[in-house]
Engineer: 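Okay, handing you the structure first.
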There are 2 protein chains.
Amino acid sequence: MVSPNTATPATVRQVNRAILLNLIRTHQPVSRIQLSGLTGIYRSNVSFIVEELIREGLVREQRGKPLGRGRVPMFLSLDPDGFRVVGVSIRACETVLALADLTGRILESRAFRTPKSPATWVDHFRSSLDRFRAASGPATGAFHQICISVPGMVNQASGEILWMNALPNYSGYRLRDVVESSTGIATTVANDCHLATTCERWLDNTAGDLKNFVFLEVGDVGVGAGMIVNGELCTGHNSTFAAEFGHMVVDPSGPRCNCGRQGCWELFVCDRATYGVYDPAREFSPSRFEELIRLARAGDRKALRAFQRTAAHLSLGISNIVMVLNPEVVILAGRLTEVWDMIYPPLANAVSMLPGKPQIRPARMSAEELFLHGAIRHALSGLFAAPQLG
Amino acid sequence: MVSPNTATPATVRQVNRAILLNLIRTHQPVSRIQLSGLTGIYRSNVSFIVEELIREGLVREQRGKPLGRGRVPMFLSLDPDGFRVVGVSIRACETVLALADLTGRILESRAFRTPKSPATWVDHFRSSLDRFRAASGPATGAFHQICISVPGMVNQASGEILWMNALPNYSGYRLRDVVESSTGIATTVANDCHLATTCERWLDNTAGDLKNFVFLEVGDVGVGAGMIVNGELCTGHNSTFAAEFGHMVVDPSGPRCNCGRQGCWELFVCDRATYGVYDPAREFSPSRFEELIRLARAGDRKALRAFQRTAAHLSLGISNIVMVLNPEVVILAGRLTEVWDMIYPPLANAVSMLPGKPQIRPARMSAEELFLHGAIRHALSGLFAAPQLG
DNA sequence: CGAGTTTGTCCTGAGTCAATACAAAAGTGT
DNA sequence: ACACTTTTGTATTGACTCAGGACAAACTCG
């Protein structure tokens, strides 16, 4: 029996503080009285908590404009300079890192070629970090959190890379511990698509929080995914992996997948598969796929048929996902979304016949941007998260 | 934006009270000092909270036995008489209801033939309830909560039956509201397999709480399921349905399912499918399936092959589930589990090749028992649940 | 029978929030 | 110009929570 998370009076403050900070983020500029109305927390107490946030430099006051009569409210907004985080996205070829402020805006970014060895990677990372520090003044030179996006299987609790197809030498590397001890900055490591999922959730502040949704990234040779269930990212047992929809078998007599099984969904919907329908003879490459998109847009029938086939296979898998999770939204990312008007109608049609009818929409950014911004958001998330109790 | 759940000092008490009540349930008989050690809550405060629980009649004291030297501790356990709930399981043919105490033990049960009309059902239910009331004395005649298990799609938030295949007249019936207003007792309505899932979780008090697992019920003509993700039951968008693994398409060229799609998993693994492999000519019936089990046990090669085929199809679907959810455990229920020694080895073998390696085990009760006990547990769950914050 | 040990209770202090009273800052009307 | 109203924010009080220390109770052991 793991000891449960008990509550103390201090916990109350942490919870309400997180709630207020989140509302300031989503509603800024916002007055104390508005916050009181949104939460039900009494005016006086809102002031008390906000005072703490201002003292810590996370929130700043700004004189508001008169709204009718009465005292003019003070507007509160996040103080961008209150917190500095570093988001990192490791890709097969390139590693990108970005310095960001409390609002998630990128202040500076750098990139380097991802080396074969993880130890070399850490060296490159450290020197990039030093250049950030040199560029930003000494006052703002403190980085409070690092989050690294990894295109592979990660134990999110221990920060160990379990398995990485594109960079085999990284498998088994305890990236979190190494980075943390060599930089002295708190660090987390997570799967790229899981981070993209949390990023999409963060970006969606329209109709309250999304509590159940799925993110799918259709890539060159596979499908990455993440899912939010009951408002929380699903990371599976021991937070190692989850939502590997790409390796859901949809045709047991299908082609063999490098995961060892036959007929995995990703073999039917990845960009290579789409290209293979168009021209089985020529080998797939990203640039040829871009060409295929142009052809389809120009009305080439063979190209159109290739995307129709992929859309049909996408429909099948998404239907499975809907039956399993009943999400509010299914978000799609990848080059495929560049031909949204061709793939969306069959998807919408397939989903309309199911008991759950999720919205299907393209991601708000490209997959690469989502990975990096997801890492930034995740690095910031500790400030905005309420403690887990029970 | 829905107003978030803020915390107050009273919330702290609710959280800690729920934690202690849960620990008393799982560790009874248990002393205050042990509870303090398990939770980190100070002795004095444990006493304070326990005093409240005793005053409400939920917990009782009992002199413990000397354990070495020192003052003899007072042992605490749940007071069975402190709370009365009614669990109800609606099945296609029969409705079972049970009066249970705080520990979930069944005190009395009744059954009646499920009528075609939901209004008639409510009449029958009310008279059964009255007989419970007559049987138990006037002192213990207060029933605090009702939970109804339904073999169909239910909006768990509104208590409306959305769709019920076996009893079509019930579809669209607002069962929760009708029962609540006609009995005056707080009522919840939920899907049968979801309740079975929470029941299995409740029964598993061995190694702390299970945080990620899947429950599968292989039935006559379909597969029901439920899943716990991050320690919470997944009920999908608007808490209508989720975990319909049975309708995951695993072979797009397979037979047509009554859900409208082709090659749903349940068509390959339900008891009828197993029987169909054995004897495609004769129609399936539960008694013939029992006969098939006897034949397989006796070593009949054709019967054995039928179960092997089903085990292979089970492996495929369970592998998909593992890739999607990475659960700690997959729990199987249904008649199929009577031939566990035949179906388990291929399942274990299939799962051993995946990145996540969940335990696979049979359910601790029969499916029917799980539905009823699940309803009882769910009716009790309000007492043991901590408030949701954030 | 006293020393030592363990369990549980009582009381104080620090922290939290709600609610009230009050101050501050604007518009409105004469 | 000046009192009045309205709205926003602040200070204070009281009720509730928990942690921690002092103390009482109940037992074993020598």
Side-chain angles (χ1 to χ4, degrees), chain A residues 3-20 24 27 29-55 59-77 386-387 389-390, chain B residues 3-20 24 27 29-55 59-77 386-387 389-390:
Chain A
S3 100
N5 293 324
T6 58
T8 68
T11 317
V12 176
R13 167 58 62 98
Q14 288 168 36
V15 169
N16 291 340
R17 177 196 149 111
I19 290 171
L20 288 179
I24 293 171
H27 289 69
V30 63
S31 67
R32 291 168 172 81
I33 203 86
Q34 284 177 289
L35 291 173
S36 175
L38 286 166
T39 57
I41 298 173
Y42 224 83
R43 293 204 300 275
S44 52
N45 198 27
V46 171
S47 282
F48 190 28
I49 296 172
V50 163
E51 190 189 3
E52 182 183 279
L53 294 171
I54 291 174
R55 204 167 49 240
V59 167
R60 66 179 176 194
E61 267 181 324
Q62 205 174 357
R63 201 184 138 80
K65 281 178 184 169
L67 299 156
R69 53 188 183 177
R71 178 171 169 176
V72 177
M74 285 297 244
F75 281 163
L76 304 168
S77 16
L389 301 175
Chain B
S3 98
N5 293 324
T6 58
T8 68
T11 319
V12 175
R13 166 58 61 98
Q14 289 169 36
V15 169
N16 290 339
R17 180 195 147 111
I19 290 172
L20 287 179
I24 292 171
H27 289 69
V30 62
S31 68
R32 291 168 172 82
I33 201 86
Q34 283 176 289
L35 292 173
S36 175
L38 286 166
T39 57
I41 298 174
Y42 220 84
R43 292 204 298 273
S44 52
N45 198 27
V46 171
S47 283
F48 190 27
I49 296 172
V50 163
E51 191 188 1
E52 182 184 281
L53 293 171
I54 291 173
R55 202 166 51 239
V59 167
R60 67 178 174 194
E61 267 182 324
Q62 204 176 358
R63 203 185 136 78
K65 281 178 186 169
L67 299 157
R69 51 191 185 173
R71 178 172 169 175
V72 176
M74 284 298 243
F75 281 164
L76 304 167
S77 16
L389 301 175

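Here is the naming used below: chain letters follow the sequence lines, and residue numbers restart at 1 for every chain. As a basis for the values below, the full set of heavy atoms in this structure was taken, side chains included, without hydrogen atoms, waters or symmetry mates.
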Engineer: Nearest-Å distance, CG (A:Asn45) to P (D:dA11)?
Structural biologist: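 Rounding to the nearest Å, CG of A:Asn45 and P of D:dA11 are 14 Å apart.
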Engineer: Any side-chain N or O of B:Arg13 less than 4.0 Å from the OP1 or OP2 oxygen of D:dC18?
Structural biologist: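 Checking B:Arg13 against D:dC18: at least one side-chain N or O falls below 4.0 Å of OP1 or OP2.
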Engineer: Whole angstroms only, please: what is the CD1-C1' distance between A:Ile49 and C:dA18?
Structural biologist: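 It works out to 12 Å between those atoms.
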Engineer: For A:Arg63 and C:dA26, is the shortest distance between a side-chain N/O and OP1 or OP2 below 4.0 Å?
Structural biologist: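 The answer is yes; a side-chain N or O of A:Arg63 sits under 4.0 Å from OP1 or OP2.
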Engineer: Round to the nearest Å and state the distance from B:Ile41 atom CD1 to C:dT7 atom P.
Structural biologist: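 The answer, rounded to whole Å, is 17 Å.
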Engineer: For B:Thr8 and B:Thr11, test the side chains for any donor-to-acceptor distance below 3.5 angstrom and give the result as yes or no.
Structural biologist: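 Short answer, yes.
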Engineer: For the side chain of A:Arg43 and the base of D:dG9, is some donor closer than 3.5 Å to an acceptor across the two?
Structural biologist: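 Yes, the side chain and the base share a sub-3.5 Å donor-acceptor pair.
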Engineer: Do B:Arg71 side-chain and C:dT7 base share a donor-acceptor contact under 3.5 Å?
Structural biologist: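 Result: at least one qualifying N/O pair found.
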Engineer: Does the pair A:Ile24 and A:Leu53 meet the rule for a side-chain contact (heavy atoms from CB on, under 4.5 Å), with working shown?
Structural biologist: CA-CA 11 Å; A:Ile24 293 171; A:Leu53 294 171; 4.3 Å; yes
Engineer: May I ask you to evaluate whether A:Asn16 reaches the phosphate of C:dC17, defined as a side-chain N or O under 4.0 Å from OP1 or OP2?
Structural biologist: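 So the side chain of A:Asn16 is within the cut-off, an N or O lying under 4.0 Å from OP1 or OP2 of C:dC17.
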Engineer: Which nucleotide wins on minimum distance to the side chain of A:Tyr42, given the candidates C:dC17, C:dT20, D:dT17?
Structural biologist: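 That would be C:dT20.
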Engineer: How long is the line joining CD of B:Glu51 and P of C:dT7, in whole Å?
Structural biologist: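 Whole-Å distance recorded here is 20 Å.
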Engineer: Given 3.5 Å as the limit, does a donor-acceptor pair link the side chain of B:Ser36 with the main chain of B:Ile41, or not?
Structural biologist: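 Checked: pair present.
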Engineer: Let's see if you can work this out: which of D:dC27, D:dG9, D:dC18 has an atom nearest to the side-chain heavy atoms of A:Met74?
Structural biologist: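 So the nucleotide nearest the side chain must be D:dG9.
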Engineer: Toward the 5' end of DNA chain C, which comes first, B:Glu61 or A:Arg17, by nearest nucleotide?
Structural biologist: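 That would be B:Glu61.
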Engineer: Give a yes or no on whether the backbone of A:Thr6 and the side-chain of B:Asn16 come within a donor-acceptor separation of less than 3.5 Å.
Structural biologist: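 It does not hold such a pair.
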Engineer: Is the phosphate of D:dT10, meaning OP1 or OP2, less than 4.0 Å from a side-chain N or O of A:Ser47?
Structural biologist: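 True: A:Ser47 side-chain N/O within range (under 4.0 Å) of D:dT10 OP1/OP2.
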Engineer: Please confirm whether the shortest side-chain N or O distance from A:Arg32 to OP1 or OP2 of D:dT10 is below 4.0 Å.
Structural biologist: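 Yes, within the criterion.
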Engineer: Which nucleotide in the set C:dA18, D:dC18, C:dA26 lies at the smallest distance from any side-chain heavy atom of A:Ser44?
Structural biologist: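 Ranking C:dA18, D:dC18, C:dA26 by closest atom to the A:Ser44 side chain puts C:dA18 first.
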Engineer: Could you please name the option among D:dT8, C:dC17, D:dC27 that lies closest to any side-chain atom of A:Pro73?
Structural biologist: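 Selected nucleotide (nearest to the side chain): D:dT8.
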Engineer: Testing the basics here: between B:Ile19 and A:Pro4, what is the closest heavy-atom pair and its distance to 0.1 Å?
Structural biologist: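 Looks like CG2-CG, 3.5 Å.
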Engineer: Nearest whole Å is fine: how far is D:dT10 C1' from A:Ile54 CD1?
Structural biologist: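 Rounded to the whole Å, the gap is 13 Å.
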Engineer: Between C:dT16 atom P and A:Ile19 atom CD1, what is the distance in whole Å?
Structural biologist: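 After rounding, the gap between these two atoms is 15 Å.
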Engineer: Step by step, would you call B:Gln34 with B:His27 a side-chain contact (heavy atoms from CB on, under 4.5 Å)?
Structural biologist: CA-CA 9 Å; B:Gln34 283 176 289; B:His27 289 69; over 6 Å; no
Engineer: Between A:Ala7 and A:Gln34, just flag the one whose closest nucleotide in DNA chain D comes earlier from the 5' side.
Structural biologist: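 On the 5' side of the pair lies A:Gln34.
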Engineer: The side chain of A:Pro9 lies closest to which of these nucleotides: C:dG15, C:dA18, C:dA26?
Structural biologist: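 Shortest atom-to-atom distance from the side chain points to C:dG15.
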Engineer: May I have the distance from B:Gln14 (atom CD) to C:dT16 (atom P), rounded to whole angstrom?
Structural biologist: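 To the nearest whole Å, that distance equals 19 Å.
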Engineer: Would you kindly give the CG-to-P distance between A:Leu20 and C:dT16, to the nearest whole Å?
Structural biologist: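 After rounding, the gap between these two atoms is 13 Å.
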